[in-house]
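Have a look at the structure below before the remarks.
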Amino acid sequence: MSERSALQRRIRAWLTLFLICLVLSGLTAFPLVTELHWLNSLVDNDWVRRVGDGLDRADADYPFLLYGTDWLAFAHLVIAVFFYGVHRDPVRNIWIVEAGMIACAGVIPLALICGPIRGIPVWWSVIDMSFGVFGVIPLLVLRRMIKRLEAMPA
């Protein structure tokens, strides 16, 4: 196997890891009420209980509010589709990886600004920010490998 094809396989492996995480993150946004019931049965935490109570009330009285999280889930799945371009041609579509990196960076100011406005505990905002931090790691690796691929002779 040539060095170029080995690098392409590593790019696809990292891309697959990122896509699995992105899709799982999206799919878990659909059943929030059920997930919070499950989490509350495992964890004794005032904040988690409060979130579960809020979701139960919203689901019972204002189910249309949860439609927003359905769109959040859908957005994750749509973003994953764009990464197919990276699979097809990583060098030409490196911009998708870079846009993903920008989105990961954007998670931090969003959590720092909107978290306090919405009354989110600081420790929960840190958990939210970790998605951007951990999400950017495979994208940084991908970008570095794509740049190496670009520099190789065809």
Side-chain angles (χ1 to χ4, degrees), residues 7 9-59 62-149:
L7 183 56
R9 289 186 79 179
R10 284 196 309 275
I11 288 169
R12 288 195 174 112
W14 277 93
L15 181 61
T16 299
L17 170 71
F18 180 78
L19 286 175
I20 288 169
C21 293
L22 184 61
V23 168
L24 286 175
S25 178
L27 291 177
T28 60
F30 283 114
L32 282 181
V33 174
T34 303
E35 289 172 340
L36 259 293
H37 287 166
W38 176 75
L39 185 59
N40 273 311
S41 71
L42 295 175
V43 177
D44 184 28
N45 178 280
D46 289 339
W47 174 251
V48 173
R49 197 172 317 105
R50 182 173 182 217
V51 171
D53 292 345
L55 281 173
D56 283 341
R57 288 176 62 193
D59 190 35
Y62 310 103
F64 53 86
L65 290 175
L66 297 179
Y67 188 53
T69 60
D70 295 337
W71 279 104
L72 170 70
F74 179 70
H76 280 77
L77 302 177
V78 169
I79 292 167
V81 170
F82 282 97
F83 278 88
Y84 178 67
V86 180
H87 176 77
R88 284 184 45 198
D89 187 341
V91 173
R92 190 176 75 187
N93 294 311
I94 193 171
W95 68 271
I96 298 169
V97 173
E98 293 168 341
M101 293 167 63
I102 292 167
C104 286
V107 168
I108 294 170
L110 178 78
L112 290 173
I113 294 166
C114 295
I117 291 171
R118 301 291 184 203
I120 307 297
V122 173
W123 61 270
W124 195 266
S125 291
V126 171
I127 291 171
D128 288 341
M129 288 185 281
S130 74
F131 282 92
V133 172
F134 290 116
V136 79
I137 292 170
L139 295 176
L140 286 167
V141 172
L142 271 169
R143 186 179 186 284
R144 189 184 76 217
M145 288 190 296
I146 292 169
K147 286 296 190 181
R148 277 191 20 223
L149 182 67

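In this text, all values refer to a predicted model and were calculated from it rather than measured experimentally.
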- Message: Check this for me: F131, atom CZ, are more than 12 non-hydrogen atoms of other residues, nucleotides or ligands nearer than 6.0 Å?
- Response: no

- Task: Using a 4.5 Å cut-off on heavy atoms from C-beta on, say whether the side chain of E35 contacts that of L32.
- Result: yes

- Heavy-atom neighbours of W38 CH2 exceed 12 at 6.0 Å: no

- Could you tell me the separation between the CG atom of L36 and the OG atom of S41, rounded to the nearest 0.5 Å? 10.5 Å

- Message: Within the 4.5 Å heavy-atom criterion, are W47 and I120 side-chain neighbours or not?
- Response: yes

- Message: Using the salt bridge (Lys or Arg N to Asp or Glu O under 4.0 Å) criterion, which residues pair with R57? Sequence neighbours excluded.
- Response: none

- Message: Within the structure provided, determine whether R148 and R143 are in side-chain contact (heavy-atom separation under 4.5 Å).
- Response: no

- Item | Whether over 12 other heavy atoms sit under 6.0 Å from R50 CZ | no

- Item | Heavy-atom closest pair, residues L72 and H76 | O-ND1, 2.9 Å

- Rounding to 0.5 Å, atoms CD1 (I11) and OG1 (T16) come to a distance of 11.5 Å

- Tightest non-hydrogen contact, residues G115 and S125, listed as CA-OG, 3.9 Å

- Message: Given V48, which partner from the list D44, N45, V51 fulfils the side chain to side chain contact (heavy atoms under 4.5 Å, CB included) test?
- Response: N45

- Closest approach of A58 and L65, non-hydrogen atoms and distance? CB-CD1, 4.4 Å

- Report yes if some heavy atom in the side chain of R144 is under 4.5 Å from a heavy atom in the side chain of L140; otherwise report no. no

- Can you see which heavy atom on I146 is nearest to which on P90, and at what distance? CG2-O, 3.4 Å

- Task: For residues L27 and L77, determine if any side-chain heavy atom of one lies less than 4.5 Å from a side-chain heavy atom of the other.
- Result: yes

- Task: Spell out, as yes or no, whether a donor-acceptor pair under 3.5 Å connects the side chain of S25 to the backbone of C21.
- Result: no

- NZ/NE/NH1/NH2 to OD/OE distance under 4.0 Å, D46 and R49: yes

- Message: Can you confirm whether L66 sits close enough to D70 that some side-chain heavy atom of one is under 4.5 Å from a side-chain heavy atom of the other?
- Response: no

- Message: Rounded at 0.5 Å granularity, tell me how far CG in L39 sits from OG1 in T34.
- Response: 12.5 Å

- Name all pairs fulfilling the ring-ring contact (aromatic ring centres under 6.0 Å, His included) condition that reach into residues 85-111, sequence neighbours left out, sorted by first residue then second. Y84-H87

- Query: Taking C-beta and beyond as the side chain, do L139 and F18 meet within less than 4.5 Å on heavy atoms?
  - Reply: yes

- Query: Do you know the tightest heavy-atom contact between D128 and A111?
  - Reply: CB-CB, 4.3 Å

- V107 and M129 have their tightest heavy-atom pair at CG1-CA, 4.0 Å

- Residue pair R12, V86: steps toward the side chain to side chain contact (heavy atoms under 4.5 Å, CB included) verdict: CA-CA 9 Å; R12 288 195 174 112; V86 180; over 6 Å; no

- Hey, could you give me the CD1/CZ distance between I113 and R118, rounded to the nearest 0.5 Å? 12.5 Å

- Message: What I'd like to find out is whether the side chain of C104 reaches to under 4.5 Å of the side chain of V133, using heavy atoms alone.
- Response: no

- Task: Verify the neighbour count for atom CZ of F64: are there more than 12 heavy atoms of other residues, nucleotides or ligands below 6.0 Å?
- Result: yes

- Query: Quick one: CG on L15 to CD1 on I96, what's the gap to the nearest 0.5 Å?
  - Reply: 9.5 Å

- Query: If you round to the nearest 0.5 Å, how far is CG of L142 from CZ of F83?
  - Reply: 8.0 Å

